[in-house]
Amino acid sequence: MNTNTARILLIAALGAYAPLSLAAPVTVPMHLIDANGTGKAVGTVRAEDSKDGLVLMPRLEGLPPGAHGFHVHENPSCAPMEKDGKNTAGLAAGGHYDPDKSGKHAGPTGKGHVGDLPALTVDDKGMATKRLVAPRLKVADLVGRSLMIHEGGDNYADEPKPLGGGGARIACGVVEK
């Protein structure tokens with residue numbers, strides 16, 4: 001084997017053991033939303049890749065206490081749109097990110113919408129700071145989409161109410177790179 005061939009083989013072998021290339025983290029500004037549009041800023045959600053999946057680190061305040069549905073939505077918009085003759089908060093964000101067209105709401109580890117995130121927990125002071133992990137996502141999946149917080153909790157099923165029963169969209173942020 002000549003020297004050049006040996007070098008090429010060595011470089012290829014070392015490359016196979018190199019850590020996975022991770023995208024740069026993104027920070028998503030989040031705002032309250034209503035039928036009139038985007039309102040007051042409520043903080044940020046930082047997203048970064050890890051070996052366990054997408055890590056989301058919320059730094060949010062001014063939200064209602066309790067559990068809230070939290071999702072990646074298809075479109076990069078937080079604007080209202082008309083539905084049934086009235087403006088609906090955040091409707092321009094579209095539905096939950098579902099690249100496989102599963103049509104199912106099955107939670108962050110299920111075989112449904114990839115955009116189903118772990119529930120966001122807001123403490124009694126209106127703050128959300130608990131780290132969340134979405135094992136089926138990476139930063140690259142978020143770019144050009146939106147993060148959405150719903151008024152209620154999420155049971156990760158379509159029964160008894162569709163899309164986990166989280167209800168109205170109350171806060172949103174567009175993910176830009």
Side-chain angles (χ1 to χ4, degrees), residues 22-49 53-64 67-120 122 128 132-158 161-177:
L22 303 176
V26 296
T27 299
V28 183
M30 301 291 291
H31 293 83
L32 295 177
I33 58 173
D34 62 23
N36 297 313
T38 301
K40 176 183 167 192
V42 292
T44 63
V45 175
R46 180 177 166 88
E48 63 184 48
D49 291 330
L54 182 70
V55 175
L56 299 157
M57 292 163 285
R59 296 288 174 254
L60 303 168
E61 60 186 20
L63 296 172
H68 296 273
F70 189 33
H71 307 101
V72 177
H73 279 247
E74 193 66 39
N75 303 322
S77 177
C78 295
M81 281 182 57
E82 190 175 308
K83 180 180 180 182
D84 300 327
K86 65 178 186 172
N87 271 356
T88 301
L91 201 57
H96 298 176
Y97 177 51
D98 189 17
D100 299 327
K101 309 287 185 233
S102 72
K104 297 177 187 169
H105 186 66
T109 59
K111 294 185 189 250
H113 305 148
V114 175
D116 291 345
L117 300 174
L120 182 75
V122 178
L132 307 168
V133 178
R136 299 185 303 148
L137 287 167
K138 56 188 178 217
V139 168
D141 297 320
L142 300 182
V143 177
R145 305 200 187 291
S146 56
L147 294 179
M148 188 70 65
I149 301 170
H150 294 265
E151 72 180 344
D154 192 335
N155 69 3
Y156 305 119
D158 288 316
K161 293 182 179 180
L163 301 173
R169 300 168 183 200
I170 63 167
C172 181
V174 172
V175 183
E176 298 175 353
K177 191 69 175 178

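In terms of heavy-atom proximity, Ser77 sits nearest to Cys172 at O-SG, 3.9 Å. Closest heavy-atom contact between Pro58 and Leu120: CG-CD1, 3.9 Å. Across Cys78 and Gly173, no two heavy atoms sit closer than the pair SG-N, 3.5 Å. Minimum interatomic distance between Leu91 and Met81 (heavy atoms only, all atoms of both residues): CB-CB, 3.8 Å. When all heavy atoms of Ala106 and Asp116 are compared, the pair lying nearest together is N-OD2, 3.1 Å. Scanning all heavy atoms of the two residues, the minimum distance from Gly37 to Pro80 falls at CA-CD, 3.6 Å.
For the atom pair OG1 of Thr38 and CE of Met30, the computed distance is 10.5 Å after rounding to the nearest 0.5 Å. Between atom CG of residue Asp98 and atom NE2 of residue His73 there is a gap of 11.5 Å, rounded to the nearest 0.5 Å. If you take CZ on Phe70 and CG on Leu132, they are separated by 6.5 Å, rounding to the nearest 0.5 Å.
Remark: the backbone N or O of Ala92 is paired with a side-chain donor or acceptor of Asn75 at under 3.5 angstrom. Here the side chain of His150 pairs a donor or acceptor atom with the backbone of Gly167 at under 3.5 angstrom. Side-chain atoms of Asp100 do not come within 3.5 Å of backbone N or O of Ser102 as any donor-acceptor pair.
Counting non-hydrogen atoms of neighbouring residues, nucleotides and ligands closer than 6.0 angstrom, the CD atom of Glu74 exceeds 12 such neighbours.
Ring geometry for His96 versus His105: interplanar angle of 30 to 60°, hence tilted.
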Tell me, with the steps shown, if Val122 and Ile149 meet side-chain contact (heavy atoms from CB on, under 4.5 Å).
-> CA-CA 11 Å; Val122 178; Ile149 301 170; over 6 Å; no
Candidate pair Val42 and Glu61, rule side-chain contact (heavy atoms from CB on, under 4.5 Å), full reasoning | CA-CA 5 Å; Val42 292; Glu61 60 186 20; 5.5 Å; no
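Side-chain contact between Pro64 and Ile170: present, with at least one pair of heavy atoms (C-beta onward) separated by less than 4.5 Å.
Residues passing the side chain to side chain contact (heavy atoms under 4.5 Å, CB included) test with Val139 are Ala23, Val26, Asp49, Leu54, Lys177, sequence neighbours excluded. When the side chain to side chain contact (heavy atoms under 4.5 Å, CB included) test is applied to Thr109, the partners found at least two apart in sequence or on another chain are Pro135. Remark: Arg136 pairs with no residue by the salt bridge (Lys or Arg N to Asp or Glu O under 4.0 Å) rule, at least two apart or across chains. Qualifying side chain to side chain contact (heavy atoms under 4.5 Å, CB included) partners for Lys111, counting only residues two or more places apart in sequence or in other chains: none. In terms of the salt bridge (Lys or Arg N to Asp or Glu O under 4.0 Å) criterion, Glu151 has no residue partners (sequence neighbours excluded). Under the salt bridge (Lys or Arg N to Asp or Glu O under 4.0 Å) criterion, Arg59 pairs with no residue at all, not counting sequence neighbours.
For the side chain to side chain contact (heavy atoms under 4.5 Å, CB included) test with Leu56, the passing option among Val72, Val45, Leu137 is Val45; the others fail.
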